[in-house]
Asks: 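Take a look at the following structure, please.
Residue numbers start from 1 in every chain, and the chains themselves are labelled A, B, ... in the order their sequence lines are given, proteins ahead of strands. Keep in mind it's a predicted model, so treat the numbers as computed, not measured.
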Amino acid sequence: MAASHSAKKFWKPGSEGPGISEERDLSSETTGSPVIYNPNTALSIENQRQRLPVFKHRNNILYLVETYQTVIIVGETGCGKTTQIPQYLMEAGWAAEGKVIGVTQPRRVAAISVAGRVAEERGALMGHEVGYTIRFDDCSDPQATRIKFLTDGMLVREMMADPLLKKYSVLMLDEAHERTLYTDIAIGLLKKIQKKRRDLRVIVASATLDAKKFHEFFNLNESGDPSKDTCGILTVEGRTFPVDIFYTISPVPDYVKATVETVLKIHETEDDGDVLAFLTGQDEVEKVSSLLVEHARTMSRQGMKKHLRILPMYSGLPYADQMKVFERTSPSVRKVVVATNIAETSITINGVVFVIDCAFVKLRAYNPRSAFESLVVTPISKASASQRAGRAGRNRSGKCFRLYTEEDYEKLPDATVPEMQRTNLAPVILQLKALGIDNVLRFNFLSPPPAQTMVQALELLYALGGLDNYGRLTDPMGLRMAEFPLSPMFAKMLLESANFGCSQEIVTIAAMMQIQNLFVVPPNQKKVAAREHRKFAVAEGDHLTMLNVYEAFIKHQKSSQWCQQHFLNYKGLQRALTVREQLRRLMNKFKVPKTSSEGDPDVILRCIVSGFFANAARIHHSGTYRTLRDDRELHIHPTSVLFGEKPPKWVVFNEVVQTTKYYMRDVTAVESSWLVELAPHFYKQAKHGSLASKRSRVL
DNA sequence: GAGCACTGC
């Protein structure tokens with residue numbers, strides 16, 4: 001770990017160059033890309049394993065797991081905890097008698113790549129002794145697999161079939177400091193399981209900041225005598241390179257401009273090494289990229305020897321363009337990746353030596369009063385700043401340019417608000433109920449969500465018929481809804497679809513709505529793309545438009561070329577096929593018959609209303625929409641096919657996103673009579689043929 | 001007239 005004792009130096013983007021360095025600690029890091037083993041040059045696997053920092057702690061880790069029910073491991077980047085600890089446990093006998101050592105990851109790719117590495121180290125075929133389980137891809141063997149990597153969401157699913165997780169002897173929750181929704185749920189549930197299963201061991205792998213919180217949460221010792229603690233802590237040093245941190249002298253008025261200036265300054269004054277710049281959204285990424293491309297052209301014309309290659313990176317970018325950031329460049333080219341937060345944890349780009357950090361991130365927020373989610377540009381946390389800086393020190397020592405003052409850094413919160421406290425909880429509450437947690441308000445949350453958010457969730461679940469008057473899961477509706485890997489409104493819509501005679505179409509629509517960025521819009525071909533997309537549009541709205549796209553995709557033999565011609569997300573559509581198949585299987589399980597509307601749109605729309613009635617809006621004389629529930633102003637999202645068209649009187653929508661205004665996404669025109677008919681417990685007929693929510697004032 | 005952080009089941 002680097003000491004922070006050198007003189008603090010600052011620089012100002014656009015004026016003087018970066019000054020002397022100050023080294024700082026870097027926080028723990030994700031298990032990144034798979035390591036490639038070359039038998040000709042590499043050390044023997046055994047030798048490599050012993051050189052990892054975690055190896056020195058092997059016996060201590062085994063002692064702690066033997067002694068304590070829960071062990072918190074603070075493992076820094078590159079210490080080897082994820083790949084080694086499960087192997088130590090297996091070697092010590094924790095996988096004997098058919099027991100399994102489970103290791104969770106927040107992301108699918110991480111689960112696969114880490115499993116691959118461990119299988120390779122053990123000389124095992126993937127899916128036998130070592131395996132992984134993620135949605136749509138179970139590469140494990142119930143008899144043979146001893147070490148199993150899985151996503152934390154998958155672990156929560158497994159609890160529905162096996163509430164005490166009997167097959168596991170140890171569960172290690174990796175990257176717990178990220179505090180993703182499912183990691184937090186798993187943590188709460190595991191604490192409950194541990195009370196019934198004293199033999200179950202839990203290892204929480206986390207960054208320094210959160211270790212104490214995890215320890216307090218898991219320690220069941222109330223005697224005040226530390227020798228009776230049920231939870232231990234161990235810190236394992238990492239293996240990363242030092243990163244010098246630079247702050248600005250004064251606050252930066254415009255970080256978009258400052259990012260461009262800093263890239264150019266680095267290019268002029270610094271040695272070789274690629275640049276990674278963090279911004280908050282697609283717009284900013286495109287803006288900075290295009291400005292830099294202009295500068296790069298000018299510099300080439302002026303005969304600058306070293307070239308700049310500018311690469312935008314965000315999740316909505318077409319797959320082929322995303323892949324470009326991983327391509328190697330020639331030594332005469334400096335790669336500049338301009339990215340959203342996707343580059344903070346989800347992807348790792350090799351060769352990055354310089355990081356530029358604007359101090360902001362776009363985060364989901366949930367307003368329990370309006371029941372709307374929004375995306376808000378928020379200052380990052382210190383943990384996040386550290387994570388971003390660490391991206392510069394993976395291959396050799398690097399530099400991080402923070403576009404804010406050290407004083408402002410000190411004001412940042414230590415950690416990001418856990419997802420549990422920023423999201424709509426209806427899916428979580430439904431799942432907890434299905435797992436037998438009757439009183440969800442008293443569930444042992446690591447960070448309890450706002451009570452009002454829970455009440456909102458309970459009300460919605462009641463309105464959907466998933467809960468009864470006593471808040472108990474209904475049988476069969478609630479039980480079945482919980483089995484769908486979708487939010488409760490979708491589950492309700494699917495389960496009702498047989499009553500409307502359109503289960504085939506509804507399964508397709510539900511699957512299509514799970515994919516993001518179905519319509520691809522390359523920034524330089526906006527008009528052509530829009531023209532192609534209009535070909536699928538129908539007056540009823542986005543749901544039937546998506547159905548059209550899917551059916552056309554099938555008609556054209558699921559061709560990737562056809563997708564490209566029509567600016568459609570091919571990988572997304574492939575995913576929709578898989579999701580659809582999974583949903584179809586669940587429908588069969590619940591004996592929902594296959595029926596088709598045979599071209600009648602109304603039955604499909606009515607079925608959508610049966611799930612999404614709570615998300616209804618009517619046109620206001622001002623020309624904008626108002627929610628039926630509480631008369632809030634809404635607008636049709638510009639990505640909707642209904643945007644710019646003659647606005648229908650009544651609509652239902654999938655979700656609301658708040659940016660500059662409240663926008664409805666995935667919008668479909670409906671009849672007001674359907675709302676009263678299909679949700680009589682929710683709406684009643686008011687004066688003047690209008691509708692009113694039973695939960696708010698009559699309009 | 002105008003907009004889409006990132007995961008996961």
Asks: Using 0.5 Å steps for rounding, measure from the OG1 atom of A:Thr262 to the CG atom of A:Asp357.
Replies: 11.0 Å
Asks: Within less than 4.0 Å of OP1 or OP2 of B:dG3, is there a side-chain N or O belonging to A:Thr639?
Replies: no
Asks: Using only heavy-atom distances, determine whether the side chains of A:Arg135 and A:Thr578 contain a donor-acceptor pair under 3.5 Å.
Replies: no
Asks: Tell me what A:Leu375 touches on the nucleic acid: a base, only sugar-phosphate, or nothing, going by heavy atoms under 4.0 Å.
Replies: base
Asks: Give the rounded distance in Å between these two atoms: CG of A:Asp357 and P of B:dA5.
Replies: 18 Å
Asks: Counting side-chain heavy atoms from C-beta on, which of B:dA5, B:dC9, B:dC6 comes nearest to A:Thr151?
Replies: B:dC9
Asks: Using heavy-atom distances to pick each residue's nearest nucleotide on DNA chain B, tell me which of A:Gly316 and A:Leu486 is more 5'.
Replies: A:Gly316
Asks: Can you tell me how far C1' of B:dG3 sits from CD of A:Glu286, to the nearest Å?
Replies: 13 Å
Asks: Between B:dG8, B:dA5, B:dA2, which one does the side chain of A:Gln282 approach most closely?
Replies: B:dA5
Asks: Please report, rounded to the nearest Å, how far the P atom of B:dG3 is from the OH atom of A:Tyr314.
Replies: 16 Å
Asks: What's the closest nucleotide to the side chain of A:Arg135 if the choices are B:dG8, B:dC9, B:dC6?
Replies: B:dC9
Asks: Looking only at the side chain of A:Lys661 (C-beta and beyond, no hydrogens), which of the listed nucleotides B:dC6, B:dA2, B:dC9 gets closest?
Replies: B:dA2
Asks: What integer distance in Å separates A:Leu155:CG from B:dC9:C1'?
Replies: 12 Å
Asks: Looking for any heavy atom pair under 4.0 Å, which part of the strands does A:Phe643 touch: base, sugar-phosphate only, or nothing?
Replies: base
Asks: What is the distance from CD of A:Gln387 to P of B:dT7, rounded to the nearest Å?
Replies: 14 Å
Asks: Can you figure out which of B:dG8, B:dG3, B:dC6 approaches the side chain of A:Arg108 most closely?
Replies: B:dG8
Asks: Just checking, is any N or O donor in the side chain of A:Asp137 or A:Tyr132 under 3.5 Å from an acceptor N or O on the other one?
Replies: yes
Asks: Check whether any side-chain nitrogen or oxygen of A:Tyr182 sits under 4.0 Å from OP1 or OP2 of B:dG8, and answer yes or no.
Replies: no
Asks: Does A:Thr345 make a side-chain N or O approach to OP1 or OP2 of B:dT7 shorter than 4.0 Å?
Replies: no
Asks: Which nucleotide in the set B:dC9, B:dG3, B:dT7 lies at the smallest distance from any side-chain heavy atom of A:Gln516?
Replies: B:dT7
Asks: With a 4.0 Å cut-off on heavy atoms, is A:Ile134 in touch with a base, just the backbone sugar-phosphate, or nothing at all?
Replies: sugar-phosphate
Asks: Would A:Ser381 and A:Ser384 count as having a side-chain donor-acceptor pair, cut-off 3.5 Å?
Replies: no
Asks: I want to confirm an ordering. Mapping A:Leu181 and A:Arg364 to their closest nucleotides on DNA chain B, which one lands closer to the 5' end?
Replies: A:Arg364
Asks: Under 3.5 Å, is there a donor on one side chain and an acceptor on the other for A:Thr624 and A:His635?
Replies: no
Asks: Separation of A:Arg179 atom CZ from B:dG8 atom C1', in whole Å?
Replies: 17 Å
